[in-house]
Amino acid sequence: GVPPTCDRPTHVSERMLIAAGKPDASIIPCIALWPEEIEWARGYLAQYGDITRMIVIHTHNSGWRDPSNNFARWVKPPHDLMQFLAAKAAIEHGFTVLQFCNAPPPDRPDNFDPLTGTHHIRGLTLRQTAACYHVIGRMVSGDSGDPYLMLAAGGRVVFLMSPELEW
């Protein structure tokens with residue numbers, strides 16, 4: 001690997017950009033969405049209520065149901081904690097809580113970990129999900145792909161991570 005170039009720890013993505021000769025490039029991913037995609041997302045999300053009062057609680061990753069994938073199960077936040085946060089967001093703060101997930105795969109275990117009292121949105125394309133994340137703009141999640149998609153779409157994420165994963 002490339003050693004850090006400063007006194008603070010550097011994220012692996014930042015080290016890769018430094019090695020590629022792009023030390024000033026942002027490590028935050030970015031997805032460019034068409035205005036039509038954003039308008040589609042606004043219309044689609046309107047069925048769940050006021051889009052200014054929505055939050056995504058993301059509970060899973062693609063490998064957490066695989067008993068041999070210890071890392072995926074380790075980085076997945078505890079279900080009871082996520083259920084508590086979803087209820088708190090809805091009851092105490094008036095948010096509509098949404099959960100997104102791919103459609104159930106026909107040949108593998110379904111990786112969705114549904115929470116009670118949330119709206120389950122499944123089977124959207126990657127760009128449709130990104131547009132929805134752009135419109136919603138807020139998420140609480142463990143470490144998986146979806147929070148990075150939320151960041152790429154311009155949203156904010158509260159990551160719940162084990163202290164052993166600190167960079």
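- Asn111 contributes atom CG, which lies 4.0 Å from atom SG of Cys101 (distance to the nearest 0.5 angstrom).
- Between His60 and Phe112 the shortest side-chain heavy-atom distance falls below 4.5 Å.
- The minimum heavy-atom distance between Ile55 and Ala89, with the atom names listed, is CG2-CB, 4.2 Å.
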Using the side chain to side chain contact (heavy atoms under 4.5 Å, CB included) rule, take Phe95 and Asp50 through it: C-alpha gap first, then chi angles, then the decisive distance, then the call. CA-CA 9 Å; Phe95 281 102; Asp50 180 0; over 6 Å; no
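- Here the CG-CG distance, from Leu126 to Asn102, works out to 11.0 Å after rounding to the nearest 0.5 Å.
- Looking at heavy atoms from C-beta onward, Phe159 lies out of side-chain contact with Ser144 at the 4.5 angstrom threshold.
- Side-chain contact between Leu98 and Thr118 is absent, with no heavy-atom pair separated by less than 4.5 Å.
- When all heavy atoms of Pro114 and His120 are compared, the pair lying nearest together is CB-CE1, 3.5 Å.
- For the residue pair Gly142 and Pro147, the shortest heavy atom distance occurs at O-CG, 3.4 Å.
- To the nearest 0.5 Å, atoms CD1 (Ile51) and CZ (Arg42) are separated by 5.0 Å.
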Go through it in stages, so that I can follow the logic: the residues are Thr96 and His119, the test is side chain to side chain donor-acceptor pair (under 3.5 Å), and I'd like the CA-CA distance, side-chain angles, deciding distance and then a yes or no. CA-CA 8 Å; Thr96 299; His119 296 282; 5.4 Å; no
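- Atom CG in Leu115 sits 9.5 Å away from atom CG in Leu85 (nearest 0.5 Å).
- To the nearest 0.5 Å, atoms CD (Gln83) and CG (Asp80) are separated by 8.0 Å.
- Atom CD1 of residue Ile57 and atom CG of residue Asp113 lie 12.5 Å apart, to the nearest 0.5 angstrom.
- For the pair Gln99 and His58, the minimum side-chain heavy-atom distance is 4.5 Å or more.
- Considering only heavy atoms from C-beta on, Met139 comes within 4.5 Å of Asp146 through its side chain.
- The nearest pair of heavy atoms linking Leu149 to Ala130 is CD1-CB, 3.8 Å.
- Put simply, the side chain of Tyr44 does not reach to within 4.5 Å of the side chain of Gln128, judged on heavy atoms.
- Between Leu17 and Ser26, the shortest heavy-atom contact is CD1-O, 3.6 Å.
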Hey, mind stepping through Arg127 and Trp34 against side chain to side chain contact (heavy atoms under 4.5 Å, CB included) and telling me if it holds? CA-CA 10 Å; Arg127 293 194 65 85; Trp34 295 101; 3.9 Å; yes
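- In plain terms, the two heavy atoms of Ala131 and Leu33 that are nearest each other are CA-CD1, 3.8 Å.
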Would Leu160 and Met82 count as a side chain to side chain contact (heavy atoms under 4.5 Å, CB included) if you check the C-alpha gap in whole Å, the side-chain angles of each, and the deciding distance to 0.1 Å? CA-CA 10 Å; Leu160 303 176; Met82 300 308 272; 3.6 Å; yes
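- Side-chain contact between Asn61 and Val75 is present, with heavy atoms from C-beta onward closer than 4.5 Å.
- Under a 3.5 Å cut-off, the side chain of Arg138 and the backbone N or O of Val157 do not form any donor-acceptor pair.
- Using a 4.5 Å cut-off on side-chain heavy atoms (C-beta onward), Pro104 and Arg122 make contact.
- Aromatic ring centres of Tyr133 and Tyr148: separated by at least 6.0 Å.
- Both Val56 and Ile28 belong to a single network of hydrophobic side chains, linked directly or stepwise wherever heavy atoms of I, L, V, M, F, W or Y lie under 4.5 Å apart.
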